[in-house]
Structure formats: structure tokens, C-alpha cells
2 protein chains.
Amino acid sequence: MGKCEQCIIKQFNSLKSLTKDELVRISNCKTSHIIKKGTVIFEEGDAVNGVYCVKDGICKLSKLSENGKDQIVKMVVKGQLLGQRSLVSDENSNLQATALNDMEVCFIPKSEIMADLQKNPKFSFDVLKDMAHDLKEADDIIVNMAQKSVRQRLAEALIYIHDSFGVNPDGTLSVLLSREDFANIVGTATESAIRVLSQFKKEGLISTIGKQIKIESLEGLKRIE
Amino acid sequence: MGKCEQCIIKQFNSLKSLTKDELVRISNCKTSHIIKKGTVIFEEGDAVNGVYCVKDGICKLSKLSENGKDQIVKMVVKGQLLGQRSLVSDENSNLQATALNDMEVCFIPKSEIMADLQKNPKFSFDVLKDMAHDLKEADDIIVNMAQKSVRQRLAEALIYIHDSFGVNPDGTLSVLLSREDFANIVGTATESAIRVLSQFKKEGLISTIGKQIKIESLEGLKRIE
DNA sequence: TTTATAATATGATAATTGTCATGTTTTATT
DNA sequence: AATAAAACATGACAATTATCATATTATAAA
């Protein structure tokens with residue numbers, strides 16, 4: 001099994017602030033997992049007792065609303081940590097995590113990493129920075145949800161996915177989402193999301209190959225008011 | 001000037017985790033301020049170089065949207081810290097803080113408290129907990145914005161303000177907000193907020209005395225679907 | 001391959017919400 | 001107290017978005 005000390009992934013998240021000794025200890029207690037597309041990693045209400053270090057793949061964090069829809073709040077990709085908040089609060093998760101494609105993760109039990117959070121100020125400061133960033137992002141999402149149209153929100157979602165997660169060799173977005181997922185990111189009905197995507201296609205802003213989406217005019221999408 | 005060590009307010013926020021020595025030092029560099037209703041404490045883009053400990057009064061944290069509206073993201077009341085995120089990130093503020101009534105605050109320069117954040121793990125863990133809580137709250141707001149009607153959101157805002165900030169002796173909400181503020185919390189047009197409040201009044205769920213609002217049926221508001 | 005099932009697509013219509021106009025009341029100012 | 005300004009309120013209408021119906025494709029299963 002891979003060792004945390006040598007893992008390239010750790011460079012991209014807070015684990016980089018751990019000392020070599022701490023990494024060795026964690027390496028010995030971590031467990032590697034392959035998670036299949038569609039698998040629910042944890043549900044709302046679950047006690048998540050550890051963090052997942054995402055070595056490959058993508059998952060969505062969502063929250064079920066009373067009307068039966070599953071609002072996507074955040075996406076976690078390769079290199080990031082999943083379930084950080086479980087380290088800090090003893091409360092159960094308020095979100096559900098679902099794999100969007102096949103994933104490879106390392107699970108680090110809370111019990112092992114908690115001591116580091118308490119003793120290594122560099123590590124805890126790093127986690128703090130991460131959370132501050134998430135919070136800033138959440139503020140932006142709130143404002144967008146409250147003040148922008150479905151058309152604008154969907155355009156921004158496409159831009160966000162493009163810029164943050166990149167594209168395949170053929171130019172299509174590397175994160176493959178269903179139309180329903182798009183609707184759940186934007187917070188609208190699936191039909192509305194589909195309609196707006198069709199509209200974007202007609203306007204030449206995007207093109208589609210099956211469910212794959214290719215952005216044809218980033219500038220055009222940015223101009224949408 | 002009051003001393004931090006003896007300040008009752010500190011019990012309600014992360015400062016309680018500081019040692020007596022740390023509090024004495026902070027006490028010597030903090031500055032007390034009276035902030036008048038309507039004053040902008042800091043703006044979007046400002047470098048906030050410290051935290052405000054709110055001893056009295058309430059302020060709103062908002063973010064200007066392109067359509068000219070000012071979405072309220074959070075409210076900070078007596079006992080809480082304002083500007084915590086400035087400690088963690090070097091970026092400028094993404095939010096504007098505005099006093100909703102006359103406030104009394106202590107300003108603690110970032111330079112003085114940063115060392116404590118780095119050295120006192122209990123303190124940093126407390127800040128971490130606070131942020132995790134804010135993040136959880138932000139998730140809920142996102143879901144509400146995305147999935148609920150203006151009517152539902154306004155009902156929930158009233159319940160939230162009632163439960164979190166309490167009522168005056170006559171039963172009216174102790175936080176006095178304009179109709180525009182309500183609209184900016186809920187993320188709707190001022191006219192829409194006014195209309196829904198009028199509707200609630202007709203239905204006997206609330207009553208009003210001038211711009212003061214009194215909740216007549218908390219149960220009724222909770223039942224709104 | 002055939003068949004079943006799910007995902008995508010689009011039209012028709014209803015419900016919600018925003019915008020503009022306008023009037024009333026409250027609050028602040030002279 | 002008189003006046004101006006702001007906040008509140010409501011109607012009329014337009015724009016946006018949701019819902020339901022119904023095709024049409026993709027995808028998975030037999």
C-alpha cells in the first residue's frame with residue numbers, strides 16, 4: 001500500500017503541513033478504498049469519523065431538501081480532503097457525499113488525526129484556511145442563488161467546472177454530470193436546466209457530444225447577464 | 001477602559017479559550033468603539049486587519065450583487081466576533097459589514113492575536129469550530145435559496161430571528177429590520193417581501209406595530225410549505 | 001439483438017416572482 | 001408644526017420558472 005509520506009496528492013491539501021513522523025503514523029492506520037460511481041460515501045446524519053483523502057475521482061456534497069431535491073453544495077476532486085468538518089465538530093454530517101465517478105480514496109480515522117490537529121498549529125492553521133476559503137465560496141453561492149437567474153447561474157456553473165476541473169483532450173468538460181446534476185447545482189428543475197443548455201447550444205455557446213459538454217465560447221458565457 | 005479578562009462577552013466566543021496572560025496583552029492593545037446605526041464597518045475589498053468583539057448591538061454581513069442588491073449573508077450579534085476570517089486569510093474581505101443599530105465593539109489588531117492563533121491550539125480549535133458552524137449554516141442557506149419559495153424563506157427568516165436574537169418585552173422581534181433588509185435576507189424584491197409580510201398579517205401569523213414585527217403563531221409559520 | 005429503463009428533450013400551461021406605477025404612512029429635518 | 005424624504009403598501013402587468021404531458025433518444029439488462 002502507498003505511503004502518505006511519498007503520496008503526491010498530499011501536496012494539494014492540508015496534510016502537507018504534517019511532519020514526516022506524523023505522516024508515517026497516519027500511513028500506518030489509513031485504509032485505501034476504491035469507490036464506485038454512484039456510491040454514497042456518507043449520508044446526511046451519519047457520524048463521519050475521519051477524513052477521506054481523494055487520490056482520484058470526484059464526488060458531490062449535497063443536501064436533501066423537503067421537496068425531494070438534492071441540492072449540490074460543493075464538489076470535491078482529486079487532491080482535496082473530504083469530511084474535514086467531522087474533525088472539528090462532533091455533530092453528524094449535514095451533507096451527503098456521492099461519488100460522481102469511480103474514486104480512489106484513503107480514509108484516515110478521526111482518532112489518529114485529531115491529535116495532530118491539536119498539537120501541530122501549522123496543520124490546524126491550514127485546515128482553518130481551507131474552511132475560510134469554503135466559507136467565502138459559500139457566500140458567493142448564496143448571493144448567486146438569491147440574485148441571479150437560472151440562465152446566469154448555469155452559465156457560471158459551466159465556467160466554474162471548466163476552470164476548476166478542466167477539460168478532456170477533445171475539449172469536453174472533464175467532469176461528466178447528468179442534466180439532473182446540473183439542475184441540482186443551479187437549484188432549478190431538471191427540465192429548466194435542460195432547456196437552458198439547449199438554448200446555450202442554439203446560441204453557439206456550448207456544443208454537446210452525447211451528455212458531454214464542450215464550451216465553445218467562454219467569453220460568451222461570461223457575458224450573460 | 002474595560003479589561004478583556006473581566007469582560008463577560010468573551011465567554012460567548014472563541015476568546016474564552018485564551019489564557020489569562022494572552023487576554024491581558026490583548027486588553028492593552030484593543031480599542032473600544034461606538035459605532036452608529038447605519039455605519040459601514042468595513043466594505044467588500046477592504047483589508048480587515050483585526051477582529052471586532054461585539055459587546056452590544058447587531059450588524060449585518062452582506063455582499064453586493066451585480067443587480068445592485070445587497071444580499072445579507074449573516075448577522076452578527078452581541079457576544080460574537082466579527083471579521084474572524086481576516087485572521088486566517090490574507091485576502092481582502094468579500095463581505096460588507098454594516099451596523100443595524102448602535103453598536104459597542106472592541107477592535108483587536110490582527111498582529112496581536114495572530115500569535116495566539118498559531119500557538120494556542122485550544123483557541124485555534126475554537127475558531128475552527130466556529131467556522132465549521134458557519135459553514136453548516138451557509139449550506140442550509142444555499143439549500144433554502146435554491147429550493148424554497150419566498151414565502152417559505154421569509155417564514156424561516158422570521159423564525160430564525162425570533163429564535164436566535166429573541167424578543168422585546170412586548171413580544172416584538174428584538175432585531176428591528178427594514179422591509180428592505182428582510183428582502184435582502186430572503187433574496188427577493190422589497191415589494192415581494194412586503195407583500196408576503198402583509199399576507200402573513202392577514203393570516204394572523206404575525207402582527208405589526210409600525211415596522212416592528214410580532215410573531216403571533218410560531219407554529220403557523222413553521223407549518224408553511 | 002431485443003427489450004426495458006432511464007436520461008434527455010420540448011411543448012403547453014400554471015404558478016411564482018419581479019418591475020413599474022402610484023398612493024399612503026412614517027420619520028427626519030428645517 | 002410644516003415640509004421633505006424615506007419607508008411602506010398595493011395594484012397591474014411582465015418575466016421567469018415550475019409542472020405536467022409526451023416524445024425521443026441513450027443506456028443497461030435480459
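Keep in mind that what you see is a predicted model, and the values were worked out from it rather than measured. Letters A, B, ... are given to chains in the order of the sequence lines, protein chains preceding strands, and every chain is numbered from 1.
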Exercise. Tell me, yes or no, whether the heavy-atom count around B:His133 atom NE2, taken from other residues, nucleotides or ligands under 6.0 Å, exceeds 12.
Key: no
Practice problem: Measure from CD1 on A:Ile209 to P on D:dT25 and round the result to the nearest Å. | Solution: 18 Å
Quiz item: Which part of the nucleic acid does B:Thr188 contact within heavy-atom distance under 4.0 Å: base, sugar-phosphate only, or nothing?
Solution: sugar-phosphate
Quiz item: Is any side-chain N or O of B:Arg195 under 3.5 Å from a base N or O of C:dG18, one able to act as donor and the other as acceptor?
Solution: no
Quiz item: Given C:dA9, C:dT17, D:dA9, which nucleotide is nearest the side-chain atoms of B:Arg179?
Solution: D:dA9
Quiz prompt | Whether over 12 other heavy atoms sit under 6.0 Å from A:Ile209 CD1 | solution = yes
Practice problem: Find the distance A:Ile206:CD1 to C:dT8:P and express it as a whole number of Å. | Solution: 13 Å
Practice problem: Give a yes-or-no answer on whether the side chains of B:Gln212 and B:Thr172 include a donor-acceptor pair shorter than 3.5 Å. | Solution: yes
Self-check item: For atom CG of B:Leu197 and atom C1' of C:dT25, their distance in whole Å
Solution: 16 Å
Quiz item: Where the side chain of B:Glu191 is concerned, which of D:dA18, D:dT16, C:dA21 is the nearest nucleotide?
Solution: C:dA21
Practice problem: Could you tell me the separation between the CD atom of A:Gln199 and the P atom of C:dT8, rounded to a whole number of Å? | Solution: 19 Å
Quiz item: Is a side-chain donor-acceptor pair under 3.5 Å present for B:Lys110 with B:Ser86?
Solution: no
Exercise. Rounded to the nearest angstrom, tell me the gap between atom NZ in B:Lys148 and atom C1' in D:dA18.
Key: 18 Å
Quiz item: How is B:Lys201 classified with respect to the nucleic acid when contacts are heavy atoms under 4.0 Å: base, sugar-phosphate, or nothing?
Solution: nothing
Exercise. Specify the separation, in whole Å, of atom CD1 of B:Ile194 and atom C1' of D:dA12.
Key: 16 Å
Exercise. For A:Ala146 and for A:Glu180, locate the closest nucleotide of DNA chain C by heavy-atom distance; then report the residue assigned to the nucleotide nearer the 5' terminus.
Key: A:Glu180
Self-check item: OP1 or OP2 of D:dA18 under 4.0 Å from side-chain N/O of A:Ser192
Solution: yes
Quiz item: In terms of the nearest nucleotide of DNA chain D, which residue is placed more toward the 5' end: A:Lys69 or A:Lys211?
Solution: A:Lys69
Quiz prompt | Between C1' of C:dA9 and CZ of A:Phe200, the distance in whole Å | solution = 16 Å
Exercise. Please state how far atom CZ in A:Phe182 lies from atom C1' in C:dA9, giving the value in whole angstrom units.
Key: 16 Å
Self-check item: Residue mapping more 5' on DNA chain D - nearest nucleotide basis, A:Gly210 or A:Arg151
Solution: A:Arg151
Practice problem: Identify which nucleotide among D:dT19, C:dT17, D:dA9 has an atom closest to any side-chain atom of B:Ser198, counting heavy atoms from C-beta outward. | Solution: D:dA9
Quiz item: Is the NZ atom of A:Lys136 crowded by more than 12 outside heavy atoms at less than 6.0 Å?
Solution: yes
